[in-house]
Protein chains: 2
Amino acid sequence: MLILRQSEVCDFRRFFAFTQFPIAFRCQSDMRRVHSPAQLPIRTSLTTLTTYQNRLLARLGANDLALLQPHLEPVDLPVGLVVIEPDQPITHAVFPETGLCSVIANLQERNSVEVGLFGRDGFVGTALVLGSTRVPHQTFMQVSGTGLRIEAEALTRAIEASPSLRRLLLRYIQTFLIQTAQTALANASAPAEERLARWLAMYHDRQDGDELSVTHEFLSLMLGVRRPTITVALQMLEGAGLVRAQRGRVRVLNRAGLIAAAGPAYGPAEAEYDRLIGPLHGHGEAERTDHAIDYSSAS
Amino acid sequence: MLILRQSEVCDFRRFFAFTQFPIAFRCQSDMRRVHSPAQLPIRTSLTTLTTYQNRLLARLGANDLALLQPHLEPVDLPVGLVVIEPDQPITHAVFPETGLCSVIANLQERNSVEVGLFGRDGFVGTALVLGSTRVPHQTFMQVSGTGLRIEAEALTRAIEASPSLRRLLLRYIQTFLIQTAQTALANASAPAEERLARWLAMYHDRQDGDELSVTHEFLSLMLGVRRPTITVALQMLEGAGLVRAQRGRVRVLNRAGLIAAAGPAYGPAEAEYDRLIGPLHGHGEAERTDHAIDYSSAS
DNA sequence: AAATATTTGTACGGTAGCGTACAAAACAAC
DNA sequence: GTTGTTTTGTACGCTACCGTACAAATATTT
């Protein structure tokens, strides 16, 4: 099992170097860390509906589940794992159960910026559904967790076979596209404080509890700003009573206020997720897709 | 036929007000302006392959063409036409033959920013393919042109019926997603001059000739910067011999230099388009998709 | 040609965020 | 505990861009 020193976990300057070595996936047998048995998927017979924490898998009806389940393998997703290397063939899609994923653009120079963020609400490998097998961006684990992976070919076969599964994944891609567009908007016109508030709210949506584990250094990398800019912006949010910042940790005190502070860039993507997939924040249960055969696209 | 006064065409502050009135589409019979007979699609029997200027339609094989062609109606796309109103039901998809389209985020306040740009390389209504019928963003004609529209339902039926058509449109969406991500990146870290160069290069890709019709005012709206910032940035590019700026017009003199000035945010999306669809810039002919049944996704 | 409308160039003070640097605080390892 | 590492707070001068304003240049309309 990989033991990370404090520096290796937290210093994301070194981290980007650290993640260079060519791991696509470390298998569960290799290094699964069982945080709690309840967090691991329980394999059951195909007639029983397994409940996944991943929102997309949770929405699958019996038929789609039967299609996917034989190919799903539980995997551990340690922090810093590069799930997709830029411009490299995508061998697997991954549905996170816990943890957080970031999509990063422009790794060559120092100006890396996050263009997308997801966790149990989405999946890694949208390009596979869109008919490509690589992307110019990097996807890595920002918060460690667990998930289920499926081979690229098995996934593409499944989406060809099941229109309802395909439509579910495409609807997710629609929300992700909107999220990216809202990020472009925020990056263009929102001041650092608003962008920080937006990021914290998005993180909060995808995580249980109010305690977010992030350093200023990390936030500065995600938002593409200077580290002291984060320090100051965070102090503003703390002064307004929206969050409580401690070393390596941000506690959300006033979620509604945080969302208000995030400005208009927060909201549209999240509303679209609620509409097209189900509740993003919290533990609301969404109905499953193909109990009744669902040929109508959500509108 | 609608005659626009100079002010109505060019002043995009007024323009945004001007486009408020609820036109979804002005029909061709109503106001088609035939710029040149060659630009209009020629209706032929289904056994003959019509050649479209729209890159996606041009790639359709005989079967897919037969599926779509009965539903395609030529439409005129005057400058300023709001093709998709934010959060309103999308009734038609449109495949532009000429002209340029912009996707704009955040209209409520003054901070509108362009998050996507396309012309004959793409189509309006990606949300339809992704299983939604509205988007929180506005799509409008930035440069007038002509195109072909199809009813939303006819399109969704066609993509359910033809995997090769569906995969073609999804591959385009993949390139558009990357374009949006690159825009997010550019907005975060690139200075105004780089972003301007990128925008001009993207415009140039989608237009015949080197003469681009834009005002500083318009560019400032698209890039989300102040108008004098554009003036200065354009002077820099002109000083470097990359473009020649005249009132309401920018002539590209050195395309390679312009792309170099655009920095790393230009390139990935365009390379992906070339790889997944066909040549973006220039008049290269791409092979048609479903001549042979194409079940393999491009990789 | 004259009048009007539009577009572009330039200027000014103000500010948000930059790159850099360094010290203080919080934590981990020994 | 003590030591070393990591994270955070703060400072400094600097630059890009902001909001605003106005004059010059170039179209369009009459």
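So that the names make sense, note that chain A is the first sequence line, chain B the second, and so on, each numbered from 1. Quick caveat: nothing in here was measured; it's all calculated off a predicted structure.
- Each of A:R249 and A:A192 was matched to the nucleotide of DNA chain C holding its nearest heavy atom; the match closer to the 5' end belongs to A:A192.
- Proximity of B:T231 to the phosphate of C:dT10: no side-chain N or O atom is located under 4.0 Å from OP1 or OP2.
- Rounding to whole angstrom units, CD of residue A:Q246 and C1' of C:dC27 are separated by 13 Å.
- Within the 4.0 angstrom heavy-atom criterion, only backbone atoms of the sugar-phosphate kind lie near B:V225; the bases stay farther away.
- Atom C1' of nucleotide D:dC17 and atom CG of B:L234 are separated by 17 Å, given to the nearest angstrom.
- Within the structure, no pair that satisfies the salt bridge (charged side-chain N to carboxylate O under 4.0 Å, His left out) test touches residues 136-147 of chain B, not counting sequence neighbours.
- Contacts of B:A245 with the nucleic acid, taken as non-hydrogen atoms under 4.0 Å apart, are absent.
- One N or O donor and one acceptor, one from the side chain of B:R227 and one from the base of C:dG9, sit under 3.5 Å apart.
- In this structure, the CZ atom of B:F218 is 12 Å from the P atom of C:dT8, given to the nearest Å.
- Phosphate contact (OP1/OP2 of C:dG9, side-chain N/O of B:H216, threshold under 4.0 Å): present.
- The aromatic rings of B:F140 and B:F218 lie perpendicular to each other, with more than 60° between the two planes, well past the 30° mark.
- Looking only at atom types and distance, the side chain of A:Q207 has no donor-acceptor partner in the side chain of A:H281 under 3.5 Å away.
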Salt bridge (Lys or Arg N to Asp or Glu O under 4.0 Å) between A:R120 and A:D208: does it pass, once the steps are laid out? CA-CA 11 Å; A:R120 62 191 176 196; A:D208 292 324; 2.9 Å; yes
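- Atom P of nucleotide D:dG19 and atom CD of B:E217 are separated by 12 Å, given to the nearest angstrom.
- A:R247 has its CZ atom 13 Å from the P atom of C:dA25, to the nearest Å.
- Comparing atom distances between the B:T215 side chain and each of C:dT8, D:dC17, C:dC27 picks out C:dT8 as nearest.
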Q: Please assess A:R249 against A:D210 for the test salt bridge (Lys or Arg N to Asp or Glu O under 4.0 Å), listing each intermediate value before the final yes or no.
A: CA-CA 10 Å; A:R249 220 155 347 128; A:D210 297 330; over 6 Å; no
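- Near DNA chain D, meaning a heavy atom under 4.0 Å from it, residues 236-244 of chain A has no residue at all.
- Atom CG of A:L196 is separated from atom C1' of D:dT8 by 15 Å (rounded to the nearest Å).
- For C:dT8, neither phosphate oxygen OP1 nor OP2 lies less than 4.0 angstrom from any side-chain nitrogen or oxygen of B:Q235.
- What you find for A:N106 and B:P264 is that their closest heavy atoms are OD1-CB, 3.8 Å.
- Of the side-chain N and O atoms in B:R226, one or more sit less than 4.0 angstrom from OP1 or OP2 of D:dC18.
- Here the CG atom belonging to A:L185 is positioned 12.5 Å from the OG1 atom belonging to A:T180, to the nearest 0.5 angstrom.
- The line from CD of B:E193 to CG of B:L242 is 8.5 Å long, rounded to the nearest 0.5 Å.
- One can place CG of A:L223 at 11 Å from P of C:dG17, the figure rounded to the nearest angstrom.
- Remark: P of D:dT10 and CD1 of A:I230 are 16 Å apart, rounded to the nearest angstrom.
- Taking 4.0 angstrom as the limit, B:T229 places a side-chain polar atom (N or O) nearer than this to OP1 or OP2 of D:dC18.
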